[in-house]
Amino acid sequence: MAYHWWQRGVIYQIYPRSFKDSNGDGIGDLEGIIQKLDYLNNGTHDSLGIEAIWISPFYPSPMADFGYDVANYVDIDPMFGDLADFDRLITEAHQRGIKVIIDYVPNHTSEEHPWFLESRSSRDNPRRDWYIWRDAKPDGSPPNNWGSWFGGPSWTWDEHTGQYYLHSFTKEQPDLNWANPAVYQAMMDVLRFWLDRGVDGFRMDVVFLIDKHPQLLDNPPNPNPAPDLSPNDLAGRQLNIHNREQPGLFKYLRDFRKLTDEYTDRVIIGEIWVELDAWVKYFGENGDALHLPFNFRLLQLPEWNAELVRQSVDELEQALPSFGWGNYVLGSHDIGRLATRIGQDQARIAAMLLLTLRGTPTLYNGDEIGMENGVIPPDKIRDPQGIILGAHRTRDVCRTPVQWDSSAYAGFSTVEPWLPVSEDYRSRNIQVQGLDPKSMLSLYRKLLWYRHGSAALYGGSYLPVDGPAGTYLYLREHDSERKLIALNFTNETKAVTLTDHGRIVLSTYLDREEAINGEFHLRANEGVIIEL
Ligand code: NOJ
Ligand code: CA
């Protein structure tokens, strides 16, 4: 079977503000990404060896939600560069065999998007109905009880025209009205604009939200709200059933797919936070919707241990339709750093897991050197979620500048960056780890290139194998190629018995390659790949 690049390859997420600043304003930019493409893949094993990048938004934006508030879908914010830089980025990436996936933000625009400026200008403006406007209830309160995902009600009163508008996130991010055919058409045109420019795919932001209940019914209360909810977290106190995953959504997804299928080998990835039985539906009834609905289940485990990880993978494998393809996400710009969540020792196990499972891995920039959560003083919090819902919810911690070297500002910039550089940058950076044959970065490089050359890993079958408690073993197989992956999630040595002979070709400690026969030992927090 021939695999698509988005099945074989590894997707590397770039958060452009924090990746590399090329012009000394403290904010990353497109030219910075171009300068680091060789680091990502120059064809040699000294580079990371990823096959695709997904770049978070770089569109003109007032940055109320750091680019997820788009003021123009078909241009580049001057802070990041211009369209000529973008074209060069595509060309340079493609020359290195790197595909380029961009963020598409269909649910909402910025309040400064010309469409919204028109929409809010008067009740009879032709674009009024491009957004979701409703009268107040008789007592002046919002039209329904929906809560914003960032806290507070999802309605804001507009004094000038005397109605409320809907926003699923901040009030600076009004929701588009997809039920309006003109909106639908304009947003399809956006996809076409970038496809014609040569992008290889889209990551579709909260795409499960775009269709709303036609009557905007109240959501019922959540019988089991999380115990630590902020007082203004209305969304957390409801079952969000009428503001997401409405039946009309799937028609839109099929249309996105039809459009991208007019072009050669493009991919559409959806950001959706749903349970497994709902998740499988995003492939469409016959594989005619999303290629990859993001799978965040490993981020949502109540605890990181062998049993829960295996269960999560096994359930996904069993649920996958024949036309579906799995994927795994362990980090992003929205969640605390992997190495902070599970510790540096287990972060190595996570690296081996991510890059040896069946399904497309997504790797978040900085996780390859085990970057940890940044410490953000209260007066430096920039993320609206942290400002509205409280410091414990700020996503700034996973958005601190990528640590390139030991020089000032970690080689990210020549001036104080927009978020503080983490204290550990002198020892934890790409240059230092690149020279250390046992570093996290060396482990990622080894794993990435090994996966690249192994049909069993990028394409083969998956079979879990029982092992001692606290370990997770699985077999990956393609034709005569057989690999056993053995991961120790504990701090203790574990004896594993094999019926086959084999050879350890890679340990997460990067210190052994040896033949094994019968029993072998996994050291504390060790993972190995065994060729059988
Ligand atoms: C999901 C994005 O990943 C997140 O960063 C953003 O704040 C929301 N969608 C709203 O666009
Ligand atoms: Ca810059």
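Both ligands and their constituent atoms are indexed starting at 1 by order of listing.
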Numbered atoms of ligand 1 (with element) below 4.0 Å of [X], judged on heavy atoms:
X: Arg395; answer: 4 (C), 5 (O), 6 (C), 7 (O)
X: Val206; answer: 9 (N)
X: Phe169; answer: 8 (C), 10 (C)
X: Arg399; answer: 5 (O)
X: Phe150; answer: 7 (O)

So which heavy atom in the protein is nearest [atom], and how far is it from that ligand atom?
atom: atom 7 (O) of ligand 1; value: Asp65 OD2, 2.5 Å
atom: atom 1 (C) of ligand 1; value: Asp205 OD1, 2.9 Å
atom: atom 5 (O) of ligand 1; value: Asp334 OD1, 2.7 Å

With no hydrogens and no angle check, do the side chains of [X] and [Y] hold a donor and an acceptor under 3.5 Å apart?
X: Asp69; Y: Ser110; value: no
X: Asn180; Y: Asn177; value: no
X: Gln7; Y: Arg358; value: no

Would you confirm whether the ring centroid of [Y] sits within less than 6.0 angstrom of the ring centroid of [X]?
X: Phe296; Y: Trp273; result: yes
X: Trp6; Y: His291; result: yes
X: Tyr15; Y: Tyr364; result: no
X: Tyr131; Y: His167; result: no
X: Tyr165; Y: Phe116; result: yes

Tell me which N, O or S atom of [X] sits nearest to the Ca ion (ligand 2).
X: Asp21; result: OD1
X: Asp29; result: OD2
X: Asp25; result: OD1

* Asked: CG of Leu290 to CD1 of Ile272: how many Å apart, nearest 0.5 Å?
  ->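 Rounded to the nearest 0.5 Å, the CG-CD1 separation comes to 6.0 Å.
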
* Asked: Under 4.0 Å from ligand 1, counting heavy atoms only, is it the side chain of Glu271, its backbone, both or neither?
  -> side chain

* Measure Gln13 to ligand 1 on non-hydrogen atoms and call it side chain, backbone, both or neither using the 4.0 Å cut-off. => neither

* To do: Please calculate the O(Ile27)-the Ca ion (ligand 2)-OD1(Asn23) angle and round it to 10 degrees.
  => 160°

* Asked: Does the shortest distance from the Ca ion (ligand 2) to an N/O/S atom of Ser413 fall below 3.0 Å?
  ->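 No - counting backbone and side chain alike, Ser413 has no N, O or S atom under 3.0 Å.
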
* To do: Look at ligand 1 and say whether His108 reaches it with a heavy atom at a distance under 4.0 Å.
  =>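 Under 4.0 Å: yes for His108.
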
* Asked: Quick one: does Ser312's side chain have a donor or acceptor within less than 3.5 Å of a partner on Leu308's backbone?
  ->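 Between the backbone of Leu308 and the side chain of Ser312 there is no qualifying donor-acceptor contact (under 3.5 Å).
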
